[in-house]
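Before any comments, here is the structure.
Throughout, protein chains are lettered first and strands after them, A, B, ... in sequence-line order, and every chain is numbered starting at 1.
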Amino acid sequence: MATLDQPNHTTLEVSVFGPGYGESVVIHLGNGEWVVVDSCLNDSRNDPVSIDYLEKIGVDVSNQVKLVVATHWHADHIRGLAKLFHSAKKAKFACSQALRNPEFTNLLAACDRVQLVHRDSSGKEFSEIIREINLRKERGKRTAAGPDFWMVEGLPLIPPDPGKRAGITAVSPSSQTVTDAKVHFSKLMPNHGDQIKRFGKSSPNDFSAAMLVHHGETSVLLGADLETGDDELRGWNAVLASENIPSVRSMAFKVAHHGSENGDHDGIWSDLLSPDPFAFVTPFAKGPKPLPTEVDIERLKNRARRICCTAWPPTEKPKSRSKAVQRTIKEMTTFHTSVRRRVGQIRFRVELSGNGELAIEHFNGALDL
Amino acid sequence: MTTISATEAIEDVRFLDDAEAVLENKTNPLTGDWVLPPKRFSGSDSTSESFDEKNKRSDSKSVMAEGYSKPLIKLPPGTLPRERVKVLQQWECVVTQVCEDSFLAELADLTEPGNPLELAEFSFEEVSLDDRKLLEVEAVFYWCIGYTTSKSGQVQRISEIRFKRSPKWTRALLNSIDKRSAEMYEQFSGDS
Amino acid sequence: MATATKSDRQLSSIVGIGSFNPAIFHPIWFEKNNLIAPSECETADISIISNEVSVVKFESFLLKSTTDRFSIESDDIRRFQPLCDLVVGTFTILEHTPVVAFGMNNHQEFVFDSFDSWNNFGHNCAPKNLWNLSLLEPGMRKLTIEGRRENSKSQRIQVTVEPSKKLEDNAVQFSLNEHYEMAQLQADETPTALKFVEILQDSWQGFLNYSDEAISSVFKAAEVDKQ
């Protein structure tokens, strides 16, 4: 894990964590105020990696984490999020406005109810967060029900405090996406007589909430899993056309959707990022092709000064088992690998003022591609 | 001190006592066959003899206890001895892609749950014919590797894929979701 | 140190107490509802199916039901998770079945390396100083301890240990029963069968893991090397 030092009060830090599957971004806005975006578990799979890191560097999670964000509900972005939110007693909660409809809670309740896979967690994580929000309301620690922020393009979550603290502004989802979300979720709900089966993922993923972390001319773009589809009013198309987001060019980019082509758009590099930006990627080892692919890496190399990846390669040799089991696996499968478990960290630090050196450090196996 | 739990897996001798429902001489409503032909039982009255020993001496599935004019159903004493299975490794798997003659899956280790997720590709031939129609993306299956020992002592290494079977959505299940969803929406959205 | 080797003889079962209709548990019903494969339906052995009692042997499961008790068991460890799936599927469909209580059971057997080790283990479980004055050669016949386990909604767990009836000498068997009372778990108007299924889904694998851990901890405390 990282060296045991906290950033200075005037240092902006963006730490990106990721094993072969999963992602979490921990941000120091300045002035000892922290924000956590999404969650994945640590190496031993028992705690959110964000809590691990913050406690190791001496941050009081209970008081200093001011905001917890769920960019969307996919399992690789929210594992351990409920535990994190429970620990961050003073934190507000933000999620995508696209989830604010009864069709989504219908889907959540259905996932909760019919747990086809033992380890499935996304439905339960969100249900736990809702429970925690409700508990805090009952204890008088909050007045409103539901999340503190329903993220939509242009919504400021935390305003910048010049010289002291960076701000965070949502750049997605677009209002069209929010409107379309109801129909989308209702199509996923089963009907009477349908076979009970797992719910598939939607594509393109434009419900995801991307964000800008900004202070003056210093900014970092967090792309979450936002993708580009055909619709001009959704995804990255909508972000690029928006007049509601701060017009600042970011020096660093947490690349969207694990570096995939679907998560990319020429306009991101020409309009939203400064020339020769730094690019940070979390891999995605599951699915037919691990991301980023070789083609993705080449494309990113042509656009960014430096590409850092939290864990590479995203898969590794499976754990060794008895000879009989190994032999059988070899006979039965044409391909067998294991998702990399070690959670790498890319830590980016820069002065809020933009003066002074910036520092990029790698921990626990993160590296430059 | 404790009492015996009502939900223990009790032996059939107790089950038989509980189920000593004396039945009419009737045929199996589904197949039309005699359910159990009545036959006279002759046993000893030793107080120490176990019910299992009585079972062995009876060569019929049914007994006619003295004083009864109708068949008394004797239930089988648990599973019959057959091949034994030693499982070395088990996974719970989800299909992620279906190709022309193979499929990809992610594997969660059930034997050592702390192990990381694995990915593997299997040929269709590894799937039994009954299960092939269940093979689609997001389908769940169990993969098990081990040894079987037959009644004669023959040891064989086995690898078995078995797809999970689920029923259909029922109205009651959907209704229970509607209720829960309405509560969650009120809590989550702040709209009432 | 004494050694106890786990035998491959293991049994798990799920038992429900409530009000059942045994006549419905025909293999054809299970197959029509996509709960078993067509081949399993064809090879099922029906001992009896009637309004009062049903007993059906599937390839890997034994189902027994009376009007107030339902149980399904398997001695094939490959089928322990499918066993739970079958019960979940069955009572998802039979959503109106009143279930009053249910239990999960696991049974494992171990062979000790010697008579002395086996005997010492029995003595550890049930020390004889209470019995030596009134009995000659007292020996433990059966011991049941009841308690609860962490993070479980069950009312109790009973762990029973006794000399194995089925295996050779120097063997012991452990039987674990985790018992749930629906009246203490129902908070709303969800049908009890659906609540039963929900809890079972959440708890089954945990119970099987717990059984292994509980037995291991007993052996560890008794300084027996479990293999």
Side-chain angles (χ1 to χ4, degrees), chain A residues 19-21 44-45 99-102 104-110 112-114 116-119 127 130-131 133-134 137 144-147 190-200 285-288 315-316 318-319 321-322 324-325 327-329 331-341, chain B residues 88-89 92-94 96-97 99 102 104-123 126 134 136-140 143 145-147 157-159 161 164 166-171 173-174 176-192:
Chain A
Y21 168 77
S44 48
R45 319 289 292 155
L99 307 185
R100 193 179 190 178
N101 50 71
F104 175 69
T105 47
N106 245 359
L107 214 52
L108 263 191
D112 220 7
R113 185 65 192 78
V114 178
L116 283 177
V117 173
H118 180 61
R119 67 185 180 284
S127 302
I130 293 172
R131 227 161 274 149
I133 291 174
N134 211 39
K137 185 177 169 229
N191 296 309
H192 170 246
D194 287 347
Q195 209 69 46
I196 292 177
K197 43 169 105 172
R198 293 189 76 206
F199 298 104
K286 288 168 83 173
T315 56
E316 58 193 6
K319 172 203 152 117
R321 294 179 168 102
S322 71
V325 172
R327 215 179 316 134
T328 312
I329 292 172
E331 288 162 11
M332 283 282 291
T333 62
T334 41
F335 163 79
H336 178 232
T337 186
S338 178
V339 172
R340 189 180 161 125
R341 147 177 284 181
Chain B
L88 300 175
Q89 179 63 49
E92 181 185 63
C93 316
V94 178
T96 53
Q97 188 183 13
C99 310
S102 66
L104 288 149
E106 54 191 57
L107 285 48
D109 193 336
L110 288 177
T111 309
E112 276 182 75
N115 281 340
L117 215 55
E118 292 160 80
L119 309 167
E121 184 173 10
F122 300 88
S123 160
E126 306 297 345
L134 302 174
E136 58 180 9
V137 174
E138 300 291 344
V140 179
W143 181 27
I145 294 174
Y147 286 104
R157 184 160 46 99
I158 49 136
S159 167
I161 283 179
K164 182 169 180 152
S166 302
K168 298 181 180 173
W169 285 95
T170 62
R171 286 202 204 283
L173 197 52
L174 289 167
S176 75
I177 286 164
D178 282 344
K179 273 188 207 159
R180 175 76 188 115
S181 166
E183 277 168 26
M184 280 168 82
Y185 182 65
E186 200 182 316
Q187 290 166 4
F188 190 44
S189 69
D191 304 338
S192 36

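- With a 4.5 Å cut-off on non-hydrogen atoms, B:Leu174 touches chain A through its side chain but not through its backbone.
- For the pair B:Arg157 and A:Glu331, the salt-bridge criterion is met [side-chain N within less than 4.0 Å of a carboxylate O].
- Within the 4.5 angstrom heavy-atom criterion, atoms from both the backbone and the side chain of A:Arg327 approach chain B.
- Highest contact tally toward chain A, considering only B:Thr170, B:Val137, B:Ile161, B:Asn115, is held by B:Asn115 [criterion: heavy-atom pairs under 4.5 Å].
- Evaluation of the side chain to side chain donor-acceptor pair (under 3.5 Å) rule for B:Ser176 yields no partner, not counting sequence neighbours.
- Under a 3.5 Å cut-off, the side chain of A:Thr337 and the backbone N or O of A:Glu316 do form a donor-acceptor pair.
- Side chain of B:Ser181 to main chain of A:Asn106: a donor-acceptor pair is present (N/O by atom type, distance under 3.5 Å, no hydrogens or angles).
- Take B:Ser159 and apply the side chain to side chain donor-acceptor pair (under 3.5 Å) test, not counting sequence neighbours, and it matches B:Trp143.
- In summary, the side chains of B:Glu106 and B:Thr96 do not present any donor paired with an acceptor at a separation below 3.5 Å, with no hydrogens or angles considered.
- If you tally non-hydrogen atom pairs under 4.5 Å between each of A:Val339, A:Leu107, A:Asn191 and chain B, the highest count goes to A:Val339.
- Chain B forms more heavy-atom pairs under 4.5 Å with one residue of A:Arg340, A:Met332, A:Arg131 than with any other, namely A:Met332.
- At a 4.5 Å heavy-atom cutoff, the contact between A:Ile329 and chain B is made by backbone and side-chain atoms alike.
- Residue contact with chain B, scored on non-hydrogen atoms closer than 4.5 Å, involves the backbone and the side chain of A:Asp194 alike.
- Heavy-atom distances place the side chain of A:Thr315, and not its backbone, under 4.5 Å from chain B.
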